[in-house]
There are 2 protein chains.
Amino acid sequence: MNELRSSPATAESVAADLERAIHEHRLPPGTKLGEDELGEVYGISRTTVRAALQSLAHHRLVELRRNRGAFVAQPTVREAREVFEARALLEPRTARSACQRMDADKLQTLQDHIDAEHAAIDAGDAGRAVYLSGQFHIEIARMADQATIEAIISELVARSSLIIALYWQRRAALCESHAHHALIDAFAAGKDDLAEDLMKSHLLDLVTSLDLRNRTSIPGSLREALSQ
Amino acid sequence: MNELRSSPATAESVAADLERAIHEHRLPPGTKLGEDELGEVYGISRTTVRAALQSLAHHRLVELRRNRGAFVAQPTVREAREVFEARALLEPRTARSACQRMDADKLQTLQDHIDAEHAAIDAGDAGRAVYLSGQFHIEIARMADQATIEAIISELVARSSLIIALYWQRRAALCESHAHHALIDAFAAGKDDLAEDLMKSHLLDLVTSLDLRNRTSIPGSLREALSQ
DNA sequence: GAGGACATTTTTGTATACAATACTGCCGAC
DNA sequence: GTCGGCAGTATTGTATACAAAAATGTCCTC
């Protein structure tokens with residue numbers, strides 16, 4: 001995406017670029033992220049690449065194996081459950097707070113998000129739709145005016161994106177935006193109790209839409225290659 | 001602490017060492033962490049030091065200012081409130097889960113923690129007492145068998161340690177261990193509702209024991225120097 | 001022909017050298 | 001006397017070079 005930017009890429013910009021690529025499933029779980037390769041792509045040295053990879057590793061988006069290199073993380077079934085457990089503790093109450101601080105501008109921002117989501121779905125860009133769907137949750141946390149919780153949710157949303165890439169069973173791609181619509185309605189009506197409940201059940205729906213049976217899709221990329 | 005270890009220090013060990021030093025308030029908020037200086041102390045190059053500092057920066061324990069260097073973080077009053085807001089969302093429910101999975105071994109582990117805490121207090125080592133007090137909370141999260149939530153709480157506890165260093169008003173140093181005792185009792189009795197409530201009020205007590213008035217102790221070290 | 005050991009190659013881990021940026025002290029002008 | 005600019009110094013940011021580890025491919029032995 002940024003191969004030919006004028007100023008040299010920084011560790012932060014590379015990390016952001018990679019994070020987005022992972023988010024949008026252009027870099028699927030298990031992908032090897034070679035340092036030389038990335039350095040060549042972005043026109044920077046391995047030093048800077050390593051800084052970016054370390055940053056992503058701290059967010060659990062890439063796994064760093066000693067003397068082996070960096071790989072796009074492959075959350076286990078257990079991790080998947082845990083991430084949504086954590087989100088279930090944080091997001092409903094955060095949605096309530098956001099509802100209490102809602103105003104016309106914020107409502108419009110959320111509406112724009114949903115519109116962009118729909119546009120991505122219509123364009124057949126599922127990866128981008130997932131990304132935007134996650135951003136919707138982060139935006140709500142931001143509106144709750146809790147920067148710390150927002151940062152935590154951002155991380156969990158990013159990991160959720162990986163989880164969706166691994167465990168999503170394509171049944172109804174549109175159920176999500178319906179839930180998001182309902183949330184906006186609750187926000188607009190100022191019904192904070194409802195917003196909290198909607199978020200709670202929305203997250204529950206998300207988990208149940210995943211295929212988290214204890215099959216062996218956990219470990220390395222070899223299993224995936226064998227199953228093809 | 002590790003100046004004369006046989007094998008060379010790794011980025012991880014340096015990060016752990018620094019984290020502990022920050023935890024125990026041996027490195028107070030605002031302390032400059034020069035790369036050359038640290039490299040000399042641990043007998044490693046700046047490359048490794050930088051990796052450790054970046055790791056700590058991701059956990060918000062140190063602040064990285066571009067072309068300025070690394071400093072032990074100085075959470076603002078706002079951040080302090082936010083950190084405890086997040087803990088209030090996560091820890092009570094986690095204490096409940098831990099209670100439901102409690103057994104004799106785990107109870108003993110928690111009791112040992114408290115004993116160590118008391119020993120540190122008796123020895124006048126307040127820094128270590130704060131560290132152990134934090135570990136108590138992390139241990140509970142671990143017992144809830146939620147690695148993801150445990151990691152989040154670990155980060156919040158570490159930041160809480162900085163907040164305590166900055167905003168703690170020394171009144172009753174022993175109120176904490178009393179709350180921890182009460183929690184153990186609830187665990188032993190298997191009263192998960194009580195455990196959840198106790199954790200909730202314990203966190204509330206912690207916040208109220210801080211001096212979070214909007215005084216100007218926020219920004220750089222200059223303000224602190226002026227007030228002395 | 002199969003298995004294991006060794007050498008090769010590739011890739012990461014670490015240190016060092018250079019460049020860029022910000023800070024400190026000095027000097028001159030107003 | 002104070003303010004503004006300028007040079008020197010120190011520290012971080014980045015790149016490159018070297019060392020170590022792991023993976024792979026080849027060859028020899030059984």
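Proteins get letters first, then strands, A, B, ... in listed order; numbering begins at 1 in each.
Remark: of the listed residues L61(A), V72(A), L53(A), V62(A), L53(A) is the sole one forming a side-chain contact (heavy atoms from CB on, under 4.5 Å) with L18(A).
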Q: Go along nucleotides 5-10 of chain C 5' to 3' and tag each nucleotide: B for a protein heavy atom under 4.0 Å from its base, S when only backbone or sugar atoms are that close, - otherwise.
A: ------

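Residues passing the side-chain hydrogen bond (donor to acceptor under 3.5 Å, both in side chains) test with S160(A) are R87(A), sequence neighbours excluded. Among residues two or more places apart in sequence or in another chain, the side-chain hydrogen bond (donor to acceptor under 3.5 Å, both in side chains) test is passed with D205(B) by none. By the side-chain hydrogen bond (donor to acceptor under 3.5 Å, both in side chains) test, E12(B) is found to be paired with T10(B), residues two or more places apart in sequence or in another chain being considered. Every salt bridge (charged side-chain N to carboxylate O under 4.0 Å, His left out) that E150(B) has, sequence neighbours left out, goes to R142(B). Residues passing the salt bridge (charged side-chain N to carboxylate O under 4.0 Å, His left out) test with E82(A), sequence neighbours excluded: R78(A). The side-chain hydrogen bond (donor to acceptor under 3.5 Å, both in side chains) test applied to D36(A) returns no partner, not counting sequence neighbours. Scanning for salt bridge (charged side-chain N to carboxylate O under 4.0 Å, His left out) contacts around E79(B) gives R159(B), with sequence neighbours left out. For R46(B), the salt bridge (charged side-chain N to carboxylate O under 4.0 Å, His left out) partners are E35(B), not counting sequence neighbours.
One interatomic measurement links the two molecules: CD of E35(B) to P of dT14(D), which rounds to 11 Å at whole-angstrom precision. Distance, I44(A) CD1 to dA20(C) C1': 17 Å, rounded to whole Å. If you measure from atom CZ of R46(B) to atom P of dT16(D), you get 16 Å, rounded to the nearest angstrom. One interatomic measurement links the two molecules: CD of E63(A) to P of dT12(C), which rounds to 14 Å at whole-angstrom precision. Atom CD of E40(B) is separated from atom P of dT12(D) by 13 Å (rounded to the nearest Å). Straight-line distance from the OH atom of Y42(A) to the P atom of dA15(D): 15 Å, rounded to whole Å. Note: CZ (R65(B)) to P (dA20(C)) measures 25 Å, nearest angstrom.
One finds a salt bridge joining R20(B) and E24(B) here, because a Lys/Arg side-chain nitrogen approaches an Asp/Glu carboxylate oxygen to under 4.0 Å.
Residues from residues 47-55 of chain A placing a heavy atom under 4.0 Å of any atom in DNA chain D, listed by number, are T47(A), T48(A).
In this structure, Y167(A) contributes its side chain and P75(A) its backbone to a donor-acceptor pair below 3.5 Å. Of the possible donor and acceptor atoms, one in the side chain of H25(A) sits under 3.5 Å from a partner among the backbone N and O of S161(A).
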**Q.** Worked verdict on R128(B) versus Y131(B) for side chain to side chain contact (heavy atoms under 4.5 Å, CB included)
**A.** CA-CA 5 Å; R128(B) 181 154 181 79; Y131(B) 170 74; 4.1 Å; yes

Name the pairs: protein N/O against N/O of nucleotides 19-22 of chain D, kept only if under 3.5 Å.
residue : atom : partner : partner atom : Å
dA21(D) : O3'  : N67(A)  : ND2          : 3.4

What pairs of nitrogen or oxygen atoms, one from the protein and one from nucleotides 7-9 of chain D, lie under 3.5 Å apart?
none

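Side-chain N/O atoms of K32(B) include none lying less than 4.0 angstrom from OP1 or OP2 on dA10(D).
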